[in-house]
Amino acid sequence: QVQLVESGGGLVQAGGSLSLSCAASGRTFNRYGMGWFRQAPGKEREFVAGISLSGGIIRYADSVKGRFTISRDNAKNTVYLQMNSLKPEDTAVYYCAAHSRGGVVTTPYEYDYWGQGTQVTVSS
């Protein structure tokens, strides 16, 4: 069992930055690939970024490539999402998730554990 708790969301103006963190419970964090997803009102949950269990493989959605950076610290059981040059269309609830399938996974149904989400609002 893995419990995930996100933090760092908030309100920011367009062009600004936010840093999200996701703290995982348990001693098996380094056995899980991690991902960040987001869901805006009335839209499906979409993949944002993913990182393999060792951090050696990283993928981004095209919409955030070059602006967002995912990283992980296995010693601290934490995965991060640094978000720069934020746009109003980045507004959503952001979720971190964990999977045990190896590599980077981009589809929500392949993830085993989810956090409760943190709201990110970007004003124009």
Side-chain angles (χ1 to χ4, degrees):
Q1 189 81 11
V2 176
Q3 292 185 327
L4 303 172
V5 179
E6 302 97 335
S7 61
L11 173 64
V12 65
Q13 288 188 332
S17 298
L18 280 176
S19 181
L20 304 183
S21 298
C22 174
S25 65
R27 292 176 286 182
T28 59
F29 178 72
N30 61 2
R31 297 180 185 177
Y32 291 90
M34 300 298 296
W36 285 97
F37 288 77
R38 66 187 182 187
Q39 188 166 19
K43 295 187 177 181
E44 293 187 350
R45 192 167 297 189
E46 65 173 354
F47 173 78
V48 174
I51 187 168
S52 62
L53 56 88
S54 68
I57 303 172
I58 290 175
R59 287 186 63 184
Y60 297 98
D62 288 342
S63 58
V64 307
K65 204 171 292 183
R67 301 188 297 122
F68 290 11
T69 302
I70 188 172
S71 61
R72 66 187 295 163
D73 185 337
N74 286 345
K76 295 182 178 180
N77 283 10
T78 302
V79 62
Y80 306 95
L81 186 68
Q82 177 64 42
M83 305 185 294
N84 298 327
S85 301
L86 283 161
K87 304 175 181 180
E89 51 264 43
D90 294 318
T91 295
V93 177
Y94 282 70
Y95 299 89
C96 74
H99 69 87
S100 57
R101 287 154 178 77
V104 173
V105 174
T106 63
T107 51
Y109 69 85
E110 293 187 277
Y111 281 76
D112 304 301
Y113 303 102
W114 291 84
Q116 83 289 349
T118 185
Q119 176 71 47
V120 170
T121 303
V122 184
S123 63
S124 57

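Here the structure is a predicted model, which is why all the values come from computation and not from measurement. All residue numbers refer to positions in the sequence shown, counting from 1.
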Inset, instruction - Could you tell me whether the side chains of Thr91 and Glu89 share a donor-acceptor contact shorter than 3.5 Å? - result: no

Inset, instruction - Linking directly or through intermediates, with side-chain heavy atoms under 4.5 Å: list the remaining ILVMFWY members grouped with Leu53, chain and number order. - result: none

Legend entry - Co-members of the apolar cluster containing Leu11 [side chain, <4.5 Å]: none

Inset, instruction - May I have the step-by-step check of side-chain contact (heavy atoms from CB on, under 4.5 Å) for Glu46 and Arg38, ending in yes or no? - result: CA-CA 5 Å; Glu46 65 173 354; Arg38 66 187 182 187; 2.6 Å; yes

Legend entry - Distance in Å, Asn84 CG paired with Thr69 OG1, rounded so as to fall on 0.5 Å steps: 6.5 Å

Inset, instruction - For the pair Glu6 (side chain) and Gln116 (backbone), establish whether a donor and an acceptor sit closer than 3.5 Å, ignoring hydrogens and angles. - result: yes

Legend entry - Sidechain-backbone polar pair: Glu110 side chain, Arg101 backbone, donor-acceptor under 3.5 Å: no

Legend entry - Closest heavy-atom pair and its distance - Ala92, Ala40: CB-N, 3.8 Å

Inset, instruction - Could you list the residues that satisfy salt bridge (Lys or Arg N to Asp or Glu O under 4.0 Å) with Asp73, not counting sequence neighbours? - result: none

Legend entry - Neighbour count above 12 (heavy atom, 6.0 Å) for Arg59 CZ: no

Inset, instruction - Please write out which residues are connected to Phe37 in a hydrophobic cluster, directly or through intermediates, given that two of Ile, Leu, Val, Met, Phe, Trp, Tyr count as joined at side-chain heavy-atom separations below 4.5 angstrom. - result: Phe47, Ile57, Val93, Tyr95, Val104, Val105, Tyr111, Trp114

Inset, instruction - Sequence neighbours left out, what pairs pass disulfide (SG to SG under 2.5 Å) with at least one residue falling in residues 35-71? - result: none

Inset, instruction - State the CG-CG distance between Asn30 and Asn77, to the nearest 0.5 angstrom. - result: 8.0 Å

Legend entry - Short side-chain to backbone donor-acceptor contact, Ser63 and Ala61, under 3.5 Å: no

Legend entry - Spacing of Leu4 atom CG and Tyr113 atom OH [to the nearest 0.5 Å]: 9.5 Å

Inset, instruction - State whether the side chain of Ser54 and the backbone N or O of Gly56 hold a donor-acceptor pair below 3.5 Å, judged by distance alone. - result: yes

Inset, instruction - Check whether any side-chain heavy atom of Val79 lies under 4.5 Å from a side-chain heavy atom of Trp36, and answer yes or no. - result: yes

Inset, instruction - Write down the atom of Leu18, the atom of Gly8, and the distance for their closest heavy-atom approach. - result: CD2-O, 3.9 Å

Inset, instruction - Please answer whether the main-chain N or O of Phe29 pairs with a side-chain N or O of Arg72 as donor and acceptor at a distance below 3.5 Å. - result: yes

Inset, instruction - Output, in order, the C-alpha distance, side-chain angles, deciding distance and verdict of side-chain contact (heavy atoms from CB on, under 4.5 Å) for Thr118 and Leu20. - result: CA-CA 8 Å; Thr118 185; Leu20 304 183; 4.0 Å; yes

Legend entry - CZ-CE distance between Arg67 and Met83, expressed to the nearest 0.5 angstrom: 9.5 Å

Inset, instruction - Compare every heavy atom of Leu81 with every heavy atom of Ala49, then report the nearest pair and how far apart it is. - result: CB-CD1, 4.2 Å

Legend entry - Arg31 atom CZ: more than 12 heavy-atom contacts under 6.0 Å: no

Inset, instruction - Report the hydrophobic cluster partners of Tyr80, with the cluster defined as I, L, V, M, F, W, Y residues connected by side-chain heavy atoms closer than 4.5 angstrom, directly or transitively. - result: none

Legend entry - Shortest non-hydrogen separation from Gln82 to Ser17 and the atoms involved: NE2-CB, 4.0 Å

Legend entry - Electrostatic pair Asp90-Lys87, nearest N-O below 4.0 angstrom: no

Inset, instruction - From the options Ile70, Val64, Thr106, select the one residue that forms a side chain to side chain contact (heavy atoms under 4.5 Å, CB included) with Val48. - result: Val64

Inset, instruction - Report the distance from atom OG of Ser100 to atom OH of Tyr32, rounding to the nearest 0.5 Å. - result: 6.0 Å

Inset, instruction - Can you measure from OG (Ser71) to CE (Met34) and round to the nearest 0.5 angstrom? - result: 11.5 Å

